Amino acid sequence: MVILKSPQEIEKIRISNQIVAEILLKLKSEVKPGVNTLHLNRMAEQMAQEKNAKPAFKGYRGYPYSICASKNSIVVHGFPSKDALEEGDILSLDFGVLYDGYYGDAALTIPVGRVNESALRLTQVTREALYKGIEKAVPDGSLSDISHAIQSHVEAAGYSVVRKFVGHGIGQMLHEDPQIPNFGKPGMGTRLKAGMTFAIEPMVNECGHDVKILDDGWTVVTTDGALSAHFEHSIVITNNGPEILSKMNGS
Ligand code: CO
């Protein structure tokens, strides 16, 4: 069941997502060669605490950290590590909080120092695909219009969308209905309505779409070892179209 949110609830989800956005932007500014992602995890925890927000992922189904830090061929759910980031890496940072009873959730992929043309293009196409999906989040649209727009943009660029992980509704729970796949035929699934709040999160592989989970039970990697990128925004559908709740400095 997809839960429609009242204006008061939407405001709370907006506040949670603004906390997430602010923290992710701060983490982004720290990303450079030599920095390790455990340090980013500690920073995120400290900033959340200062805002009286609870990191949403730590303890979620036993996930052991507050951020997901997914480098290069890691698709999502990478553990923060003490290994230094290196020039040319791409790093996805995913973060969520619970504040005043409502969740925020967003992610972005960041180039570490100077990265090669193909890695940069992968991250740009993934970000564009997120925005193509968000554009379809309008009243009276179909859920799968979002999925289809993402898949079309990704495949036109020669990449593939991950099929085993999906976006989701968000609100008083981190993961609510509906599941939002990043692929599919248009015109199917839930009829979209004003007041729905979604976390849309394309995961895009440079080569094949297949992924596997490592023995730690969490880390999702591309089966072929190629690069992967990930962007996520939480949005609300309004009568005037989609509004991004996790906007970072206007973008
Ligand atoms: Co999410």
Side-chain angles (χ1 to χ4, degrees), residues 2-3 5 10 12-25 27-28 40-41 44 48 53-70 74-80 91-99 101-110 123 126-127 129-134 136-137 143 146-147 150 154 161-183 190 196-205 211 213 218-220 228-237 242-248:
V2 182
I3 303 165
K5 274 74 176 187
I10 291 164
K12 287 177 192 261
I13 299 170
R14 179 183 291 108
I15 291 168
S16 299
N17 275 291
Q18 281 306 300
I19 294 171
V20 169
E22 202 182 308
I23 292 174
L24 279 174
L25 264 185
L27 297 181
K28 182 184 179 191
L40 302 178
N41 185 71
K54 185 174 167 299
F57 303 164
K58 197 171 185 164
Y60 181 87
R61 295 174 180 239
Y63 185 77
Y65 297 95
S66 292
I67 64 170
C68 301
S70 307
I74 302 178
V75 179
V76 286
H77 305 165
F79 289 168
L91 176 69
S92 151
L93 291 178
D94 192 345
F95 184 59
V97 300
L98 174 63
Y99 181 79
Y102 289 81
Y103 282 93
D105 186 10
L108 75 175
T109 298
I110 304 157
T123 65
T126 307
R127 187 171 187 280
L130 169 60
Y131 283 84
K132 296 280 182 191
I134 291 172
K136 299 292 181 187
L143 183 70
I146 299 172
S147 313
I150 291 170
V154 167
V161 290
V162 172
R163 287 143 197 268
K164 288 188 181 147
F165 295 86
V166 295
H168 49 95
I170 185 165
Q172 290 185 274
M173 290 183 296
L174 176 61
H175 294 144
E176 296 183 353
D177 286 345
Q179 295 197 5
I180 309 174
N182 294 301
F183 65 97
T190 303
M196 291 181 175
T197 46
F198 294 163
I200 302 175
E201 48 179 322
M203 291 144 266
V204 175
N205 294 352
V211 300
I213 302 178
W218 280 101
T219 311
V220 179
S228 187
H230 174 219
F231 281 83
E232 174 176 25
H233 268 313
S234 293
I235 65 120
V236 59
I237 300 176
E243 184 200 337
I244 299 173
L245 299 172
S246 50
K247 232 186 206 141
M248 304 172 196

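Residue numbers count from 1 along this sequence. Small disclaimer: the values here were computed from a predicted structure and weren't measured. Read the numbers this way: they start at 1 and go in the same order the structure lists the ligands and their atoms.
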Of all the atoms in His168, is at least one N, O or S atom closer to the Co ion (ligand 1) than 2.8 Å? yes
Contact check: Glu201 to the Co ion (ligand 1), N/O/S below 2.8 Å: yes
Ring centroids only, cut at 6.0 angstrom: are His233 and Tyr131 within range, meaning strictly under it? yes
What's the separation between atom OG1 in Thr126 and atom CG in Asn205, rounded to the nearest 0.5 Å? 9.0 Å
So do the side chains of Phe198 and Ile134 get within less than 4.5 Å of each other, counting heavy atoms only? no
For the Co ion (ligand 1), find the closest N/O/S atom on Glu232 and give its atom name. OE2
One should read off an interatomic distance between Ile3 CD1 and Met173 CE, to the nearest 0.5 angstrom, of 5.0 Å
With respect to the Co ion (ligand 1), what is the nearest N, O or S atom of Asp105? OD2
